[in-house]
Amino acid sequence: MSISSSRGKSRIVMHVDLDYFYAQCEELRRNDLKDRPVVVCVYSARGGDSGAVSTCNYKARAYGVKAGMPIVQAKRLLREQDAVFLPVDEQYYTSVSDMVMAILRANADAFEQVSIDEAYMDVSMRCKDFDDATRLASRLKDEVRTSVGLTCSIGIGMNKLIAKMASDYRKPDGLTVVRPEDAKDFISRMSVGKLLWVGKKTEATLNSMGIYTVADLAKVSIDTLIKEFGRKMGIYLYNASRGIDEEPVKESAMAKQISRITTLKRNTSAIEDMLDDLNTLSMDVHKSLVEQGLLFRSVGIMLVYEDLSMRSRARMLKHYSNSMDDIARYARVLLEEALEESSKPVRRLGVKVSDLVSVKGQETLQRFM
DNA sequence: CTCTGCCTTAC
DNA sequence: CCAGGTAGGCAGAG
């Protein structure tokens, strides 16, 4: 059920984005990091500087460092710059995030946390118009700064799409308001790659069709878009190019899959070299499953070979289960099968459970029996 | 329709 | 020679 505003007019949606989140958290607990490039890294099991950049602050970005970049490359860009490289500390960031999210949630009619550093808020009922919402956003930025110590960027729009693109428009520490009457203009000027769900591949395809801006996109027929991108994406693009988005702000639903993936100490195609990791992964998945009170019916594995190509295998069980044994057993069988099929050395290994249902809950219980 | 495997996105 | 996790769509087989 969606919230309809008392005005009977458009919704008012905010998108809050915590700035360079992991790196800002690190600055928060160490004042000696101020004014220095800070790079938060995911180090792999390979040791040394093997791994990738997760996030970095704006001082590091000034030297060309970006998320996803190999750590070695970031170090090269920042050599002689008094930069700090830190490993991710998920626990700590989660605790900081929880504080912020609690503040936001308390100020929304409907709330949707999308990730550790992003949330949508529907404020249609508590704000009488966009000016009112702008004042609320200002207050929220103040409160997050004074009580947690972080800056964030907020976008306000008539739906989630506009709000999201608005928060992205000016950062860090931005506040962008796009009134309904301005939404079409705001979005039309953007290049298509700025649209939510339009990544590298989709952008390249659109460009090859001569489509570069959202205005270009809005001229394409829905049939063409569906033909080229499939039903779901085609309709999405057609609406998005017009600033239309009816998605309600709602609490995020139950997890649909739980997975863990790891990089092996060394590339190998021998199963004995993988069993320890496979077991650890199975245990991690199981732990998360139990914590969330869920049962699974499908077990899968994923392999990334040394040439970075990937392959996955999954199997459906006859009954729902929450047994660690089932995860580990089936994962092993699937791994054996995959190794028979290809002897390419494996670099990374993953385990996943899906087809999840809650242990409690009535509709679930019926399906379980 | 169900299941599998692959692809794309994004944080 | 570079992380890890999740979601969702789609195509093809059965």
| request: Remember a base hit wins even if backbone is also touched, and classify A:A255 as base, sugar-phosphate or nothing at under 4.0 Å, heavy atoms. | output: sugar-phosphate
| request: Quick one: look up who C:dA3 pairs with, Watson-Crick or G-U, both distances under 3.5 Å, and put none if it's unpaired. | output: none
| Side-chain donor-acceptor pair under 3.5 Å between A:D326 and A:S321, yes or no? | yes
| Under-4.0 Å salt bridge between A:R135 and A:D132 | yes
| remark: Per atom distances to the A:V42 side chain, the nearest of C:dA3, B:dT8, C:dA7 is C:dA3
| remark: In whole angstroms, the gap separating P of C:dA3 from CD1 of A:I116 amounts to 20 Å
| message | Return whichever of A:I258 or A:G68 has its heavy-atom-nearest nucleotide of DNA chain C closer to the 5' end. | response | A:G68
| task | Write down the distance between OH (A:Y22) and C1' (C:dG4), rounded to a whole number of angstrom. | result | 10 Å
| A:R297 vs A:M310, nearer the 5' end of DNA chain B by closest nucleotide | A:R297
| query | Taking the side chain of A:S259 as its heavy atoms from C-beta onward, which of B:dC3, C:dA3, C:dT6 lies nearest to it? | reply | C:dT6
| Of A:K59, A:K171, A:E27, which meets side-chain hydrogen bond (donor to acceptor under 3.5 Å, both in side chains) against A:Y20? | A:E27
| Checking all strands, does A:V72 fall into the base, sugar-phosphate, or nothing category for heavy-atom contacts under 4.0 angstrom? | nothing
| field | C:dA3 OP1/OP2 closer than 4.0 Å to side-chain N/O of A:S50 | value | yes
| If only side-chain N and O atoms of A:S312 are considered, is one of them under 4.0 Å from the OP1 or OP2 phosphate oxygen of B:dG5? | no
| field | N or O in side chain of A:K256 less than 4.0 angstrom from C:dA7 OP1/OP2 | value | no
| Between B:dT4 atom P and A:M316 atom CE, what is the distance in whole Å? | 6 Å
| query | Does A:R311 place a side-chain N or O at less than 4.0 Å from the phosphate oxygens OP1/OP2 of B:dC6? | reply | yes
| said: So A:D117, base contact, sugar-phosphate only, or nothing? Heavy-atom distance under 4.0 Å. | reply: sugar-phosphate
| message | In whole Å, I'd like the distance from the CG atom of A:L196 to the C1' atom of B:dC11. | response | 12 Å
| said: Can you tell me which nucleotide in B:dG5, C:dG4, B:dC11 comes closest to the side chain of A:A314? | reply: B:dG5
| task | Just call it for A:R348: base, sugar-phosphate, or nothing, with non-hydrogen atoms closer than 4.0 Å on any strand. | result | base
| query | Toward the 5' end of DNA chain C, which comes first, A:G234 or A:I71, by nearest nucleotide? | reply | A:I71
| request: Would you check if there is a donor-acceptor pair between the side chains of A:S309 and A:D307 at a distance under 3.5 Å? | output: yes
| query | Is the distance from OP1 or OP2 of C:dA3 to the nearest side-chain N or O of A:T262 less than 4.0 Å? | reply | no
| request: Check the pair A:K352, A:S312 against side chain to side chain donor-acceptor pair (under 3.5 Å), reporting the backbone distance first and the verdict last. | output: CA-CA 10 Å; A:K352 141 182 121 165; A:S312 65; over 6 Å; no
| Can you tell me how far P of C:dA3 sits from CG of A:L303, to the nearest Å? | 16 Å
| said: Does A:E118 reach a base, just sugar-phosphate, or nothing at all? Heavy atoms under 4.0 Å. | reply: sugar-phosphate
| query | Ion pair present between A:R179 and A:D185, side-chain N to carboxylate O less than 4.0 angstrom? | reply | no
| d(NZ, A:K200; P, B:dC11) in whole Å | 15 Å
| task | Specify the separation, in whole Å, of atom OH of A:Y305 and atom C1' of C:dC1. | result | 18 Å
| Separation of B:dC11 P from A:Y20 OH (nearest whole Å) | 18 Å
| said: On the nucleotide B:dC11, are OP1 or OP2 found under 4.0 Å from the side-chain N or O atoms that A:K164 carries? | reply: yes
| Does A:R347 place a side-chain N or O at less than 4.0 Å from the phosphate oxygens OP1/OP2 of C:dA3? | yes
| query | Between the side chains of A:D223 and A:S221, does any donor sit under 3.5 Å from an acceptor? | reply | no
